[in-house]
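Have a look at the structure below, then the notes.
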Amino acid sequence: MIIQKVIKGIHGLNDDQAQEILEEGIKSNWLRDRTNTNISETNGFWTMDNLLLHINGYDEPIPWGHPLYIPGRTFGEVSPFISTTAGTYETEMDIGEYVFKNPLFTSLSFATNSFMGEGHIFYAYVFVLGRKSISFQQFSEEVREVNIYTDYMEFHDEGEITAKLIIPSVQIEKVERYDGPQASEDWRNVITPMPLEIYHNANYVAPSSISNIREVLG
Amino acid sequence: MSRYTDVLGLDAVKVASLSTAQQNYAIYLRNQSLGDKQKDQLKFAASYYLSAALYKSLLEPAEGVKLFTKAKDCYQEIRHPFYRICKILSEPNALGLSDEADFFSATSDEAFYRILETFEFGRPYSSISRIFSRYYSKDLHIEVMPSMGRWQTKLKGISYQLVIEALTEASRMKMSRSKDLHYLRAILSHINHLFDMRRNNEGWKKLRPGILPYDPVSLAVIVAILRYFKDYDEAIVVFKNFGEEGINLFFVDMAWDIKTAKGDVPYGN
């Protein structure tokens with residue numbers, strides 16, 4: 001098992017809502033739509049077909065006949081998966097190069113609506129196995145890793161790590177609020193973008209506490 | 001409001017914001033000094049400059065040209081042959097100088113880019129084209145949609161040879177006989193088909209961060225072809241004759257704007 005750090009940009013939150021997410025965890029859109037959830041309802045969600053719908057068909061209408069089908073809704077709006085990013089190297093076919101895609105740029109682009117406004121960036125960690133683990137809700141999927149996920153991923157450049165159902169509060173370190181135009185201006189001035197606010201999560205447990213390092217006694 | 005974003009149904013404000021952020025991130029990468037990682041940083045900066053240029057060209061072609069220059073400078077600094085494509089888009093009227101000896105040490109990509117760079121009006125059948133054909137295409141059959149041969153271009157599904165034939169055809173063309181420009185028509189049709197495929201993508205419409213609005217090599221090919229025309233009206237007469245094939249003139253107008261770097265040509269179709 002590997003502890004994988006990830007970040008996630010969310011657009012349209014105020015600071016109170018962002019802090020609420022710190023306490024409750026980052027929920028999938030499917031879970032957010034519900035007040036009372038019987039976890040057995042998620043049986044059957046964790047399939048490769050659904051994962052691919054989340055990755056490649058997020059903005060597309062839900063296929064007719066799908067168990068989650070609601071007329072007029074996209075799959076992303078009801079998806080039980082959660083997109084995060086850890087960055088990646090992307091093949092640029094037009095040029096013939098591999099190019100690093102910065103996860104902060106990607107998540108800021110989502111969070112600030114293409115750098116037009118403010119947005120929140122969450123810092124967390126998830127558990128991955130270094131192989132496919134679709135059936136297991138508790139493990140995330142490294143869909144950016146082409147040696148594991150050989151299906152074509154149209155938005156591979158976004159460096160996606162896909163979590164399932166919820167990223168628990170205990171795994172979320174902090175949330176930062178950024179101003180998109182200011183972040184862009186920071187890059188122009190050759191400095192790493194600075195957040196306007198940082199909220200640390202009191203529930204957070206650092207992954208070092210569960211990694212296999214045995215300290216000397218004493 | 002830009003005529004290109006308007007026609008493509010893209011949010012012009014969002015395009016401008018994304019382009020600026022990409023440009024600024026490229027500046028950040030360009031100015032970081034990271035020792036042995038510096039070459040990578042330049043490569044990544046070039047990529048973000050290029051994307052910024054493609055977006056900016058939809059709004060202000062003259063500003064887009066400046067960003068193509070930035071991308072060219074980065075690629076040239078790391079000796080990546082793609083700088084030649086950026087050069088066509090940043091200095092569309094500056095012809096490259098190549099001699100035969102250069103070609104025999106060039107990769108196929110670089111040789112092709114040089115051909116695009118050096119094709120010029122008044123050379124009815126380029127000697128460079130002949131060199132390229134002789135050296136690289138001995139066993140190549142000219143077809144429109146193959147996944148063919150060893151020397152497929154970065155233009156997906158189009159061979160170098162087909163582009164060269166189209167350029168050669170354009171150099172010989174008579175305006176009154178534009179219906180006979182088979183290779184040129186095939187190239188434009190394919191470029192437009194690829195473009196339509198991009199436009200039908202939901203991620204493209206939403207400007208997801210890694211999406212390029214159009215293919216830079218396609219634009220460079222059309223800029224090279226436009227060298228054969230004295231003015232926009234002359235070019236448009238020929239390209240409109242392809243209209244029955246459903247070819248829209250987006251790329252032709254965009255390429256002409258890049259070529260003149262003014263952006264004052266009325267939108268054609």
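Small disclaimer: the values here were computed from a predicted structure and weren't measured.
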With a 4.5 angstrom heavy-atom cut-off, is it the side chain or the backbone of [X] that approaches chain B, or both, or neither?
{"X": "A:S184", "answer": "both"}
{"X": "A:T192", "answer": "both"}
{"X": "A:F105", "answer": "side chain"}
{"X": "A:L108", "answer": "neither"}
{"X": "A:N102", "answer": "both"}
{"X": "A:F155", "answer": "side chain"}

* To do: With a 4.5 angstrom heavy-atom cut-off, could you sort out which part of B:V15 is near chain A: side chain, backbone, both or neither?
  =>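 Nothing of B:V15, per the 4.5 Å heavy-atom cut-off to chain A.
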
Chain A contact via B:Q22 - side chain, backbone, both or neither, heavy atoms under 4.5 Å
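Interface part for B:Q22: both.
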
| request: Might you work through the side-chain hydrogen bond (donor to acceptor under 3.5 Å, both in side chains) test for A:T84 and A:E160, ending with a clear yes or no? | output: CA-CA 6 Å; A:T84 72; A:E160 171 133 355; over 6 Å; no

Worksheet item: Judged by atom type as modelled, is there a donor-acceptor pair below 3.5 Å linking the side chain of A:E141 to the main-chain atoms of A:V143?
Response: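 Side chain of A:E141 to backbone of A:V143: no pair is present.
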
**Message:** Please check this pair: side chain of A:K164 against backbone of A:F139, looking for a donor-acceptor N/O pair closer than 3.5 Å.
**Reply:**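 Yes.
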
Check the orientation of B:Y48 and B:Y25. Use parallel for under 30°, tilted for 30 to 60°, and perpendicular for over 60°.
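Because their plane-to-plane angle is over 60°, the rings of B:Y48 and B:Y25 count as perpendicular.
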
* Asked: Looking at A:E60, A:E97, A:H156, A:E185, which has the largest count of heavy-atom pairs under 4.5 Å with chain B?
  ->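 Most heavy-atom pairs within the cutoff with chain B belong to A:E97.
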
Check: Can you tell me how far CG of A:L104 sits from CD of A:E176, rounded to the nearest 0.5 angstrom?
Finding: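 Spacing of CD (A:E176) from CG (A:L104) equals 8.5 Å.
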
